[in-house]
Q: 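What follows is a single structure, and I will ask about it in a moment.
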Amino acid sequence: MDNNETAKKKVVHFIRQIINKDIAENKKNSQVITRFPPEPNGYLHIGHAKSICLNFGLAEEYNGRCHLRFDDTNPIKEEQEYIDAIIEDVRWLGFDWGEHLYFASDYFEQMYAWAVQLIRAGKAYVDGLTTEQIREYRGTLTEPGVNSPYRNRSIEENLDLFERMRKGDYKDGEMVLRARIDMGHPNMNMRDPVMYRILHAKHPRTGDKWCIYPMYDWAHGLEDSIEGITHSICTLEFEDHRPLYDWFLDQLGIYHPQQIEFARLNLTFTIMSKRYLLKLVKEGIVSGWDDPRMPTISGLRRRGYTPAALRDFSERVGVAKRDSIVDSQLLEHCLREDLNRHAPRVMGVLNPLKVVITNYPEGKVEEFEAINNPEDEAAGVRKVPFSREIYIEREDFMLNPPKKFFRLAPGREVRLRYAYYITCTDVLQDEKTGDILELHCTYDPESRGGYTPDGRKVRSTIHWVSLEHAIDAEVRQYDYLLTVPDPSAETAKKEFMDYINPNSLTVLHHCKVEPSLVRQKVGFKCQFERKGYFMIDPDSKIPEGTLVFNQTVSLRDTWAKIAQAESGKH
RNA sequence: UGGGGUGUCGUCCAACGGCAGGACACAUGACUCUGGAUCAUGGUAUCGGGGUUCGAAUCCCUGCACCCCAGCCA
């Protein structure tokens with residue numbers, strides 16, 4: 001963490017308040033031990049990043065520790081690929097769990113013993129009802145449930161049945177172990193919840209050792225207890241599971257961590273549900289979990305996001321209990337702030353328009369010194385070659401410029417960044433279409449380096465790349481995944497798939513970038529001056545093939561706003 | 001019409017009986033060899049109705065709205 005980040009005032013949100021109070025009262029040994037407990041059934045997204053930053057951040061802040069624990073209790077959905085990806089993502093975000101890497105599956109034996117303890121205490125029983133029957137017996141939100149006919153089996157019978165469940169005497173779904181609580185409880189979770197189900201499935205870590213697997217409600221508190229977690233932070237939907245979390249721990253009489261719930265992160269113009277993200281991947285709407293449009297950590301990483309930006313964002317969105325949807329522009333702001341300080345500047349032309357500087361000597365090449373990062377003097381300078389033919393951005397020229405357009409136009413003079421002033425003298429157009437093919441300009445030799453002796457001003461400075469020195473590149477530009485900020489707020493009864501933005505990806509070929517970029521590797525982040533921040537994508541074929549850039553985020557564009565406002569007027 | 005939660009600028013988060021504040025967004029201006037960055041300025045909010053109090057976003061009563069829960073998912 002750099003100084004800038006730690007210097008920011010941190011809000012004492014309700015979880016910090018709980019911790020402060022605990023410490024003041026010397027509860028929990030005044031310790032802070034948290035955990036991030038992902039289920040390895042998919043890739044992590046930015047919502048998880050918030051949780052990671054919260055849990056690891058709190059531990060860091062209070063000189064405690066945070067465990068990375070895989071909640072691998074459902075072998076049907078979980079895979080080693082996900083375990084590996086999650087480890088990579090958490091590490092990339094900049095967190096370290098030391099030796100505290102755990103797996104729920106490592107506790108299966110202990111959990112089994114505790115289940116036996118509950119059976120012995122008459123607090124759990126083996127039920128032979130079918131899934132459908134269990135659902136029917138559970139009652140509804142407004143009606144109490146009905147006791148299972150198997151609820152009053154003897155302890156001995158339950159012990160025997162449970163052991164046989166483990167041994168594999170039954171098929172999937174034939175038996176379950178249930179807690180014996182209260183079928184009439186107003187909280188559905190307390191109506192004799194299932195503790196173990198039979199799953200003859202190969203587990204990524206335990207293989208075929210087990211055929212019974214613990215349910216979340218049974219397992220999670222035990223995992224927390226075993227690890228001595230002090231503050232078990234989870235999302236709001238687990239709020240009404242807390243009585244059950246507490247019940248199991250109390251019945252067992254073991255160490256009792258405190259579960260605390262906060263609101264999950266939502267972002268405008270995107271989706272956070274693992275189910276939907278999986279759908280996008282499966283249906284090929286995106287190229288994979290790490291598609292730069294995805295809100296997954298791997299997607300953001302490939303897009304060019306930095307861990308520092310994500311950590312800053314996580315702090316800034318705050319921690320509270322009310323449902324909310326954070327403006328994606330806050331995320332972008334955090335990103336730009338970080339990249340502005342750290343990304344070296346280069347010149348790259350996305351939509352090239354050829355310019356011939358008619359009074360510049362043919363064959364002559366000059367090199368101009370360019371500043372690598374005006375925000376960071378230590379970044380130094382580099383040389384950029386200049387010659388008679390260059391490319392400029394098509395957008396930087398208009399045949400009939402509106403009032404507030406300051407860039408190049410017929411007869412108008414602008415500055416070429418770090419080079420010369422040029423004036424447009426001729427426009428070559430396609431006779432049929434009117435398309436602008438090429439510009440002829442003259443330069444003022446007196447303006448070398450970007451200033452003139454007479455001190456005259458130009459309204460605009462534009463970027464450029466020397467034609468003969470330019471490197472060809474592909475640029476991928478991204479837009480939001482969705483066409484609406486919040487699908488759940490839409491009144492039309494549509495599916496989220498109806499709000500998928502068909503234009504979320506634009507691929508630009510034959511972009512022209514300055515030659516210094518040829519030395520860079522995959523993952524290199526830079527700013528194309530006046531355009532935005534870009535990162536070299538792994539799809540690049542370096543050094544011999546195509547260089548592929550992802551547009552991480554555009555620069556703030558005042559002109560675009562003006563132009564939009566103007567066009568809106570007419 | 002059971003249970004659990006939540007209502008503060010457009011958005012997110014503060015204020016914990018004492019001047020409703022910050023960030024993002026938006027708008028205007030200054031500056032600028034990036035229409036970037038930076039700086040300055042501005043507008044906009046306590047779900048409704050009662051009550052307690054010198055004083056209420058905060059406490060009480062009442063109503064309303066929204067979210068979550070009926071997986072052998074987590």
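Protein chains get the first letters and strands the later ones, always in sequence-line order, with residue 1 at the start of each.
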Q: Mind checking the C1' distance from B:rA65 to B:rU46? Whole angstroms is fine.
A: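 The answer is 16 Å between these two C1' atoms.
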
Q: Sticking with atom P, work out how far B:rA15 lies from B:rC73, rounded to a whole angstrom.
A: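 It works out to 40 Å between them.
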
Q: In whole angstrom, give me the gap between the C1' atoms of B:rU28 and B:rU44.
A: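 Comparing C1' positions in B:rU28 and B:rU44 gives a spacing of 16 Å.
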
Q: Just the rounded figure in Å: distance from C1' of B:rC67 to NZ of A:Lys321.
A: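 Taking atom C1' of B:rC67 as the reference, NZ of A:Lys321 is at 13 Å.
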
Q: Expressed as a whole number of angstroms, how long is the span from A:Gln564:CD to B:rC26:C1'?
A: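 So the CD-C1' distance, A:Gln564 to B:rC26, works out to 13 Å.
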
Q: May I ask you to verify whether the side chain of A:Asp240 and the base of B:rG3 hold a donor-acceptor pair under 3.5 Å?
A: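 Present.
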
Q: Distance check, P atoms only: B:rC59 and B:rG17, in whole angstrom units.
A: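 Rounded to whole Å, the distance is 8 Å.
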
Q: Between B:rC69 and B:rA74, how far is it from one P atom to the other, in whole Å?
A: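 So the two P atoms sit 15 Å from each other.
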
Q: Could you tell me whether the side chain of A:Glu237 has a donor or acceptor atom within less than 3.5 Å of a complementary atom in the base of B:rG4?
A: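 In this structure, the two groups form no donor-acceptor pair.
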
Q: Should the pair A:Tyr43 and A:Trp289 be assigned to parallel (<30°), tilted (30 to 60°) or perpendicular (>60°) ring geometry?
A: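 If you compare the ring of A:Tyr43 with that of A:Trp289, the planes turn out parallel.
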
Q: What does B:rC66 pair with, Watson-Crick or G-U, if both distances are under 3.5 Å?
A: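 Matched B:rC66 with B:rG5 under the 3.5 Å cut-off.
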
Q: Determine whether more than 12 heavy atoms belonging to other residues, nucleotides or ligands lie under 6.0 Å from atom CZ of A:Arg394.
A: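 More than 12 within 6.0 Å, yes.
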
Q: Between A:Asp486 (CG) and B:rC66 (C1'), how many Å, whole number?
A: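 Whole-Å distance recorded here is 12 Å.
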
Q: Could you tell me whether A:Arg242 and A:Asp246 make a salt bridge, using a distance below 4.0 angstrom between a side-chain N and a carboxylate O?
A: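 The answer is no: the pair does not qualify as a salt bridge.
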
Q: Work out how far the C1' atom of B:rA27 is from that of B:rG43, and round it to whole angstrom.
A: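 Those two atoms are separated by 8 Å.
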
Q: Roughly, in whole Å, what's the span from CZ in A:Arg178 to P in B:rA70?
A: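 After rounding, the gap between these two atoms is 15 Å.
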
Q: Can you tell me how far P in B:rG51 sits from the matching atom in B:rA56, rounded to whole Å?
A: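 One P to the other, the span is 12 Å.
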
Q: A:Arg242 CZ to B:rG5 C1': how many Å, rounded?
A: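 Value for this atom pair: 10 Å.
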
Q: Work out how far the P atom of B:rG22 is from that of B:rA14, and round it to whole angstrom.
A: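 The answer is 16 Å between these two P atoms.
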
Q: Is the NZ or CZ atom of A:Arg35 positioned over A:Tyr102's six-membered ring, under 6.0 angstrom from the centre and within 45° of the axis?
A: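 Pair A:Arg35/A:Tyr102 does not count as cation-pi.
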
Q: Could a donor-acceptor pair under 3.5 angstrom be found where the side chain of A:Arg407 meets the base of B:rG35?
A: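 Indeed, a donor on one side and an acceptor on the other fall under 3.5 Å apart.
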
Q: Quick check: does any side chain N or O of A:Arg448 sit under 3.5 Å from a backbone N or O of A:Ala419, one acting as donor and the other as acceptor?
A: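 No, A:Arg448 side chain to A:Ala419 backbone: no donor-acceptor pair under 3.5 Å.
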
Q: Go through the N and O atoms of the side chain of A:Gln329 and the base of B:rU11, and report whether any donor-acceptor pair is under 3.5 Å.
A: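 Side chain to base: no pair present.
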
Q: Could you check how far CD of A:Glu395 sits from C1' of B:rU34, rounded to whole Å?
A: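 Atom CD in A:Glu395 sits about 14 Å away from atom C1' in B:rU34.
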
Q: Taking side chain as C-beta onward, heavy atoms only, is A:Phe528 less than 4.5 Å from A:Val513?
A: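 A side-chain contact exists here, since the closest heavy-atom pair is under 4.5 Å.
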
Q: Give the rounded distance in Å between these two atoms: CG of A:Asp323 and P of B:rC68.
A: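 These atoms are roughly 7 Å apart.
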
Q: Could you state the atom-to-atom distance from CG of A:Asp312 to P of B:rC24 in whole Å?
A: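 Nearest whole value for this atom pair: 10 Å.
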
